[in-house]
Structure formats: structure tokens, C-alpha cells
Student: 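Can you read through this structure? Questions will come right after.
Sequence lines set the chain letters: A, B, ... in the order given, protein chains first and strands last, and positions in each chain run from 1. Values reported hereafter were calculated over all heavy atoms of this structure, with side chains retained and with hydrogens, waters and symmetry mates removed.
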Number of protein chains: 2
Amino acid sequence: MAIKIFIADDHYMVVEGIRSMLLQEKNIEWMGHAMNAASCMAFLYQQQPDVLLLDINMPDKSGIDLCKEIKEKYPEILIIGLSSFNQQSYIQKMMQNGASGYVLKNASREEIVSAIESVINGDTFLSSEASVTMRENKDAQIPVITRREKEVLQLIAEGLINKEIAEKLFISTTTVDTHRNSLLSKFDVKNTANLIKLAAQYNLI
Amino acid sequence: MAIKIFIADDHYMVVEGIRSMLLQEKNIEWMGHAMNAASCMAFLYQQQPDVLLLDINMPDKSGIDLCKEIKEKYPEILIIGLSSFNQQSYIQKMMQNGASGYVLKNASREEIVSAIESVINGDTFLSSEASVTMRENKDAQIPVITRREKEVLQLIAEGLINKEIAEKLFISTTTVDTHRNSLLSKFDVKNTANLIKLAAQYNLI
DNA sequence: GCAAGCCTCCCCTTTTTCCATGATTTTGAG
DNA sequence: CTCAAAATCATGGAAAAAGGGGAGGCTTGC
């Protein structure tokens, strides 16, 4: 029985590229594609593929969040993350949210096919480059920050000073200071500049 | 006579997607593709396409720099920028370096064909979304910063304080302070946090 | 119940940044 | 060469952040 594939990616040429690459594979059935999160969900409501190739960057929603939602509603669908970025934070989050694989958009035909076959067999597939990234950065985890810390972080990035943040969040400046210190500590950095740089890299702001 | 097309993009599925989309166009001749800047230049040394689709992000060199080089050596080649990002800074730099068009990777088949036809006719083609971005942000230019300011900016982002930066660059701390102030002023921000956030958005760090 | 984690608040000292102003030397493009 | 921009250095004061404490109330899960 053919493996049913669906793809969600807002880049039409990527969709077309993968379709073209998989066309010659006999045991793969192309179900179609969606260009945004909403229409992807709408499709899944009607029918479910075996494997879903899911882009990290969608216009209406991040693929990372979407991955989580889909896995909650349709746990049997195997998801392979798809992105241009060999960025450890994305890969990590994607896997945490239930993805079975991750391939970069510079993948070859063979790599895509392998990825699909691997996840179907219950294995996890990571693009060779992606897995190298994972190994390299395995001790550079994204810090776990709390809701409040994230709010403070974002306001710091906006250029607000402690007093302004305090007024905006209806808390004391000393509290803001506490959150700030714990952010510095969790990110293991010495000052705000370094904090914001890392936060930007992790796509937290 | 058919229009000769060559594409430089490290994402194989994008190459394959475009190839598949252009296959049915009779007046387009597919010359092939390169996956990095070096092999692209090597190909151009042998033969020249009429239109070159050039990715912004290449493993060995930025498409923006490559665009400039190619236009200097082969001014007759028409270049169309290609990227996933609808980011005004990229588009602007690409056009400044001699590109004739810019399309996003979510472009449809029709859009690609239009882009190619437009630049062949001597016109400039911008993806509708890209041109909207250009108009929206025309007054939100990326600040022009000097070599030294950029160095200081990057060291600030690393978390270094003025004294450390001064030692690293063999200048006085007051000089670092001056550069720092001019950065704040050029970016029109109030503090370092905001500066670093913008710098990250503009891909300066 | 109770521990753990989160959010809240306060104090103190030191360090660093922010801002204004002015001036000299170096560099680079025309 | 020449002029403008860039890079260099300085003074000094106000504001903000960093770093170190300590502490109470609040959910949440075991």
C-alpha cells in the first residue's frame, strides 16, 4: 500500500520541487499541499496522510506550534519538519513537539525518500547536517523561561527600561529587576546586549 | 530564440521546483543549476545565460555580494534575486547591486514566468509582496554604519563592555563610547537592548 | 501536607551605560 | 591636493543595570 504524503509549505516552488522528486516513487501517493496552517488543518479534518511534511515557517502560524496541535489531534500522523535553517533551536522544538524527522530544504531526492521511509518504519530521521548541529550544540540548550520572564524579555528588547516595564506590567521595578537577573542567569550571559542577541537567535523576540 | 536560464540555489528542492515549473514553457531553455557561489562562477566562466536566478543565501557567499561580482564581470546577464524572506533590506541591497528583479520563494509559476519575461524586456520585476514591503518600509532604512561602528556593534552583541571592547580594538574606552553613541543615534534607539534587537533583525550580527 | 517553582518585593553597592560637548588626527574619494 | 567623513580621545554628571543579599505569598503536583 502506498504511503500517503501531504505537504504544508507556503513556498510553492518547494512544494513543486518535492512533488517532482517524489513523482517517480511508486509507493508514494501524493495527496496534495497546503500553503498555510489554516488550510492544512482544514485538509486534515477531511483526510489524513501517513506522513506530513511540515514547513517551520508559515504565514499564519509557526510550524512548531502547528506540529504540536496536529500531534494532539492526530497522533498517528508522522510529521517531518522542513526548513531552510539548520538551526538547533528549531530542530529541538520541532522534535519536542512530536515530529519524527527533520530535513533541510537543500536535501536531495534520496534524502527525502529516506526520511519518509525511516519515519514510516518508526525511526527518527534527521538530515545529516541537522544532526551534526544537534550534536555540536547539545549542551547549548535553550533556557526554559517562565511566562513572566518572557514578557519582561520582550519589553527589554523593545528598549524599555525597568521603570517603564514595571508600569506596563503593574509590578514593582525591583520585581522587574529580579526577572531580569534570572534571565541573565538562565541564559548564562553577563549583560543585556548578549541576552538580546541570544534571544533573537532563539527566536524569542 | 529561447531564453537561456540558469539557477544558483543551494536548496535542491527549490531548483527542482523551478525546473518543473518551467519545463512546459517552450521559449525557455534550462541550462542547469549550481548549488554554491563557486560552481556558479565556474559555470559562468564557460557559458552565460540570459537570465540568472540567484538565491540570496548561499553556503559559501551571500547572493548579494555574488550579484555584484557577476554584474561587474558579465553585465549583460540579467539577475533575478530569489529568497524566502520578504525583507526590505535584502531586496534593496540586491537591487543596488544590479539585480533586475526579485521574487520570493512562495511565487507561483505565473509569477516566475512573468519575472523572466519582464527582465528580458528590460523591465524590473518585483514580487507583489516584495514591492509592498519596499513601499511600506521606504522610510525605515537600514542605518549606514561605518566599519568601526560595525565592529563595536558586534562586540557589544557578544556581551563585551566598553573596557573590554577598547582592549580588543586597541582604542580608548571613550572612543568606544563615542561609537556606541553614534550607533544609538543612527539606529534611533534609546538603549543597547533595542539596538541589538534591531541589529539582529537587519542581520548585522 | 508539603516541596518546588513562580511571582512578588525590598535594600545596598558597584559597574556600566547614556548624554552633551568639544577637539585632534587619519583616511579616502574626487 | 582638498574637503568631508571617520576615527580618535577627553571631561563630567545623571541614569540605569549588574550583582549580592533576603523574604513572603501563591499555585501545582506528588
Student: Within the distance-only criterion (no hydrogens, no angle test), does the side chain of Asn194(B) pair as donor or acceptor with the backbone N or O of Lys197(B) below 3.5 angstrom?
Tutor: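 No, the answer is negative, given that no donor and acceptor are paired below the 3.5 Å cut-off.
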Student: Can you tell me which nucleotide in dA17(D), dT16(C), dA7(D) comes closest to the side chain of Arg147(B)?
Tutor: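 For Arg147(B), the side-chain atoms sit closest to dA7(D).
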Student: If we only count heavy atoms from C-beta on, is the Lys168(A) to Leu160(A) side-chain gap below 4.5 Å?
Tutor: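 Touching, per the 4.5 Å side-chain cut-off.
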Student: Just verifying a value: how many Å separate Asp10(B) CG and Cys40(B) SG, rounded to the nearest 0.5 Å?
Tutor: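 These two atoms lie 12.0 Å from each other.
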Student: Figure out the CD/P separation between Glu149(A) and dG5(C), and round it to whole Å.
Tutor: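 Atom CD in Glu149(A) sits about 13 Å away from atom P in dG5(C).
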Student: May I ask you to check whether over 12 heavy atoms, not counting those of Lys150(B), lie within 6.0 Å of atom NZ?
Tutor: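 It does not: Lys150(B) NZ has 12 such atoms or fewer within range.
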Student: Nearest to the side chain of Ile171(B), which nucleotide is it out of dT8(D), dC7(C), dA18(D)?
Tutor: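 For Ile171(B), the side-chain atoms sit closest to dT8(D).
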Student: Kindly give the heavy-atom pair with the smallest separation between Asn36(B) and Met58(B), and that separation in Å.
Tutor: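 Heavy atoms only, the tightest pair is C-CE, 3.4 Å.
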Student: Counting the atoms with a prime plus P, OP1 and OP2 as sugar-phosphate, which does Lys190(B) contact under 4.0 Å by heavy atoms, base, sugar-phosphate, or nothing?
Tutor: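 Touches sugar-phosphate only.
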Student: Take atom CG of Leu169(B) and atom P of dA6(D), then tell me their distance rounded to the nearest Å.
Tutor: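 These atoms are roughly 18 Å apart.
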Student: With the threshold set at under 4.0 Å for non-hydrogen atoms, list the residues of residues 174-189 of chain B touching DNA chain D in residue-number order.
Tutor: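 Those residues are Thr174(B), Thr175(B), Thr178(B), His179(B).
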Student: May I ask you to check whether Phe43(A) and Phe6(A) place their ring centres under 6.0 Å from each other?
Tutor: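 So the answer is yes for these two rings.
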Student: In whole Å, I'd like the distance from the CD1 atom of Ile161(A) to the P atom of dC18(C).
Tutor: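 Rounding to the nearest Å, CD1 of Ile161(A) and P of dC18(C) are 11 Å apart.
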Student: Answer yes if the side chains of Thr175(B) and Arg148(B) hold a donor-acceptor pair under 3.5 Å, and no otherwise.
Tutor: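 Result is no, nothing qualifies.
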Student: Rounded to the nearest Å, what distance is computed from the CG atom of residue Asn162(B) to the P atom of nucleotide dA7(D)?
Tutor: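 After rounding, the reported distance stands at 16 Å.
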Student: What's the closest nucleotide to the Ser172(A) side chain, out of dC10(C), dA18(D), dC9(D)?
Tutor: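 Output: dC10(C).
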Student: Between dA17(D) atom P and Asn194(B) atom CG, what is the distance in whole Å?
Tutor: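 Rounding to the nearest Å, CG of Asn194(B) and P of dA17(D) are 12 Å apart.
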Student: Expressed as a whole number of angstroms, how long is the span from Lys163(B):NZ to dT17(C):C1'?
Tutor: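 About 15 Å, once rounded to whole Å.
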Student: Could you check which of dA16(D), dA7(D), dC7(C) has an atom nearest any side-chain atom of Arg148(B)?
Tutor: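 Out of dA16(D), dA7(D), dC7(C), the nucleotide with an atom closest to Arg148(B)'s side chain is dA7(D).
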Student: Looking only at side-chain N and O atoms, does Thr146(A) come under 4.0 Å of OP1 or OP2 in dG5(C)?
Tutor: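 No, no such contact exists.
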Student: Rounded to whole angstroms, how far apart are CG on Leu160(A) and C1' on dA16(D)?
Tutor: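 Distance, rounded to whole Å: 13 Å.
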Student: Just N and O in the side chain of Asn191(A): are any of them under 4.0 Å from OP1 or OP2 of dT16(C)?
Tutor: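 Checking Asn191(A) against dT16(C): no side-chain N or O falls below 4.0 Å of OP1 or OP2.
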Student: Round to a whole Å and report the spacing from CD1 of Ile145(A) to P of dG5(C).
Tutor: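 Going from CD1 in Ile145(A) over to P in dG5(C) covers 17 Å.
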